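Heads up, the thing below is written out as structure tokens.
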Amino acid sequence: MPAMRVRFAPSPTGALHIGGARAALYNWLMARGSGGTMVLRIEDTDRERSTPENVEQILDALRWLGLEADEGPISQVARSERHQEVLRRLLDDGHAYRSTATGEDVKVYKAQHGADRGFRGTPENEGAVRLHVPGDGATVVHDLIRGDTTFQHVHLDDPVIARGDGTALYNFAVAVDDADAAITHVVRGEDHLSNTPKQLLVYVAMGVQPPLFAHLPLLLGPDGKKLSKRHGAASVQELRDAGYLPAAVRNYLALLGWGDSDDETLISTDELVRRFDVARVSKNPARFDEQKLRWMNGRYLRELSLDELTADLEAFTGREGLRAAAEISREKIQTLADFWPLCGFIFDGPAQDDEKARGKWLTDAGRAALTDVHAALTAITAWDLASIETALQGVVASREAKPKDVFQPVRVALAGTAVSPGIFETLHVVGRDESLSRIRAAASG
RNA sequence: GCCGCUAUCGUCCAGGGGACUAGGACGCCGCCCUCUCACGGCGGAAACCCGGGUUCGAAUCCCGGUAGCGGUACCA
């Protein structure tokens with residue numbers, strides 16, 4: 001694969017959402033897979049909506065995802081002088097003209113002419129700058145995913161490429177910046193497909209060879225509607241807060257809109273770099289289904305070493321000394337956020353709010369079993385897994401009870417709920433004195 | 001309205017003229033394992049949007065319809 005120069009060009013009008021994260025990932029995979037370069041450009045020409053906080057947040061999200069760029073970030077507004085230069089040239093050689101026509105004027109014009117003729121302004125000495133679209137012919141977008149798409153010039157309006165105050169607009173700045181950065185492949189969301197002919201016309205006016213394009217299908221919420229805050233973890237920040245691992249998010253996002261001929265589901269990032277092929281990206285919009293991400297994250301969590309898991313858990317919860325609890329919880333959690341609800345009782349004491357569990361297991365029989373357990377555990381000399389298990393099984397045998405009639409009361413005594421890691425492991429981690437004290441309390445309560 | 005893109009299980013992806021009795025994964029259901037919840041194992045239900053055409057043969061190619069989405073900004 002020849003070295004590619006790709007770019008990720010988010011606009012800092014909000015947090016980086018998963019659609020943007022996927023675009024960044026695909027670009028990054030293409031760059032890494034080809035020995036190429038990924039450029040990060042911040043499309044901040046909308047001064048009203050762009051904020052430095054959003055830029056920081058996007059950078060932070062990219063860093064967390066492990067998708068850092070090779071060049072940039074470069075601010076689009078910082079390039080305004082260059083935009084002015086190209087603008088002057090286009091004005092001088094007649095590729096563009098000034099016009100005071102407003103959006104309202106265009107609308108009226110369109111209402112009259114329908115699809116017969118796109119809006120063509122009359123050159124004036126002031127106003128916004130519009131690009132001349134040829135009267136006939138067509139512009140063809142060569143798209144790696146969708147093939148060729150033809151746009152007839154008669155359907156296109158002369159696009160405004162700079163405001164009345166002279167500042168560049170997106171469809172112009174993006175073409176100039178991509179051309180100057182020698183971008184070879186523009187990979188971005190499908191919402192840009194209809195704008196591509198305008199950008200292509202800017203390349204023509206500049207006399208520059210355009211890059212290849214690949215327009216990614218859009219990402220939708222679980223309900224098939226456009227992704228928004230009400231869809232839960234729709235931004236990278238929210239994914240992080242929900243306790244997902246970057247590697248799992250990369251794997252999941254890679255498969256949301258792409259798959260190759262084998263049916264592998266768990267694919268490491270290295271493998272992704274090797275296998276990803278933008279031409280195989282799906283054409284249909286995909287829904288973001290957090291259930292599958294949860295499952296996948298659980299798989300990644302279980303592949304972590306105990307050291308890694310402990311470090312991640314401690315960073316996530318802000319607590320220390322989690323190693324032993326991490327070990328006994330790993331088969332039971334799917335996200336880092338699942339850990340504390342499952343294991344918090346080890347450190348903070350039994351949950352107090354599960355009346356149902358107490359009612360069901362701390363019955364007279366349950367408390368009698370706890371009294372026996374307390375005696376059996378008091379008698380053992382070493383607080384290790386084997387001794388604990390032997391002691392508890394002894395109680396089961398002597399009471400001629402079913403295992404759960406002994407174990408569940410112990411679980412509720414320790415955790416306050418009916419769900420916890422394995423009971424022997426839990427006793428072991430909670431420790432002898434604390435375990436005995438909780439059992440005594442529950443037995444007499 | 002106009003321009004454009006898209007259409008395979010509930011979801012994501014594979015299959016792109018005969019190998020399709022349509023494959024894998026998540027989810028769901030059942031069974032096994034089992035001290036709870038999980039993990040793991042085994043099994044199951046579950047889809048080619050509709051209508052024409054081309055062809056000996058269509059999920060696959062073509063046309064139309066429908067639906068969804070995008071664009072149609074002095075937003076990006």
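Computed from a predicted structure; not experimentally measured.
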Using only atom types and a distance under 3.5 Å, with no angle test, would you say the side chain of A:Ser80 pairs donor to acceptor with the backbone of A:Val77?
yes

Name the nucleic acid region contacted by A:Ala286, choosing base, sugar-phosphate or nothing; use a 4.0 angstrom heavy-atom cut-off, strictly under.
sugar-phosphate

Nearest whole Å is fine: how far is B:G71 P from A:Leu156 CG?
15 Å

Among B:A76, B:C35, B:A14, which nucleotide has an atom closest to any side-chain atom of A:Thr45?
B:A76

Closest-nucleotide ordering on RNA chain B, the 5'-leading residue of A:Leu218 and A:Ala9
A:Leu218

Scan A:Asp260 against the nucleic acid and name what it touches under 4.0 Å (heavy atoms): base, sugar-phosphate only, or nothing.
sugar-phosphate

Salt-bridge present (A:Arg41, A:Glu43; N to O < 4.0 Å)
yes

Which part of the nucleic acid, if any, lies within reach of A:Arg41 when heavy atoms closer than 4.0 Å are counted: base, sugar-phosphate only, or nothing?
nothing

Looking at B:A76, B:C5, B:C26, which one has an atom nearest to any side-chain atom of A:Asn195?
B:A76

Describe the nucleic acid contact of A:Arg49 in one word from base, sugar-phosphate, nothing, applying a heavy-atom distance below 4.0 Å.
base

Hey, does A:Arg280 reach any base, or is it just sugar-phosphate, or nothing, if we go heavy atoms under 4.0 Å?
sugar-phosphate

Under 4.0 Å between any heavy atoms, over every strand shown, what does A:Gly422 touch: base, sugar-phosphate, or nothing? Just pick one.
base

Closest listed nucleotide, where the reference is the side chain of A:Asn284 and the choices are B:U72, B:C5, B:A7:
B:A7

To the nearest 0.5 Å, what is the distance between CD1 on A:Ile423 and OG on A:Ser435?
8.5 Å

Search all heavy atoms of A:Val281 against all heavy atoms of A:Trp258 and return the closest pair with its distance.
N-CD1, 4.0 Å

Report which part of the nucleic acid A:Thr13 touches: base, sugar-phosphate, or nothing (heavy-atom distance under 4.0 Å, all strands).
nothing

To the side chain of A:Pro403, which of B:C74, B:C35, B:A76 is closest?
B:C35

Given B:C39, B:C37, B:U11, the nucleotide with the shortest approach to the side chain of A:Asp289:
B:U11

Relative to the ring of A:Tyr252, is the ring of A:Phe288 parallel (under 30°), tilted (30 to 60°) or perpendicular (over 60°)?
perpendicular

When all nucleic acid strands are considered with a 4.0 Å heavy-atom cut-off, which category describes A:Ser194: base, sugar-phosphate, or nothing?
base

For a quick check of understanding: with a heavy-atom distance under 4.0 Å over all strands, which category does A:Tyr252 fall into, base, sugar-phosphate or nothing?
nothing

A:Leu220 CG to B:G68 P: how many Å, rounded?
12 Å

Parallel, tilted or perpendicular: which fits the ring planes of A:Phe407 and A:Phe424, with parallel below 30° and perpendicular above 60°?
perpendicular

On the 0 to 90° scale, with breaks at 30° and 60°, tag the A:Phe172-A:His83 ring pair as parallel, tilted or perpendicular.
perpendicular

For atom P, what is the distance between B:C62 and B:C5, given to the nearest Å?
13 Å

Any base atoms under 4.0 Å from A:Glu190, or only sugar-phosphate, or nothing? Heavy atoms, all strands.
base

Report which part of the nucleic acid A:Lys360 touches: base, sugar-phosphate, or nothing (heavy-atom distance under 4.0 Å, all strands).
nothing

Will you find, in the side chains of A:Asp158 and A:Tyr97, an N or O donor that is under 3.5 Å from an N or O acceptor?
yes

Atom CZ of A:Arg411 and atom C1' of B:A38 are separated, to the nearest Å, by 11 Å

Between CD1 of A:Ile18 and P of B:C12 the distance, given in whole Å, is 12 Å

Please compare A:Gln291 and A:Ser11 by the position of their nearest nucleotide in RNA chain B and report the one closer to 5'.
A:Gln291

Among B:C74, B:C35, B:A38, which nucleotide has an atom closest to any side-chain atom of A:Leu169?
B:C74

5'-to-3' dot-bracket of RNA chain B (Watson-Crick, G-U; under 3.5 angstrom; crossing pairs as [ ]; | other strand)
(((((((..((((....[....)))).(((((.......)))))....(((((..]....))))))))))))....

Taking the side chain of A:Arg302 as heavy atoms from C-beta outward, which of B:U6, B:C74, B:G40 is closest to it?
B:G40

Between P on B:C69 and CG on A:Asp223, what's the gap in Å once rounded to a whole number?
10 Å

Length of the line joining A:Lys332:NZ and B:U34:C1', which is rounded to integer Å:
10 Å

Among B:U6, B:C35, B:A76, find the nucleotide with the atom closest to the side chain of A:Asn171.
B:A76

Expressed in angstrom and rounded to an integer, what is the separation of A:Arg146 atom CZ from B:G70 atom P?
13 Å

Identify which nucleotide among B:G4, B:C12, B:C74 has an atom closest to any side-chain atom of A:Arg130, counting heavy atoms from C-beta outward.
B:C74

Taking A:Ala128's backbone N and O only, do any of them form a donor-acceptor pair with A:Arg163's side chain (distance below 3.5 Å, no angle check)?
no

Side chain of A:Lys404 (C-beta onward), nearest among B:C12, B:G70, B:C35:
B:C35

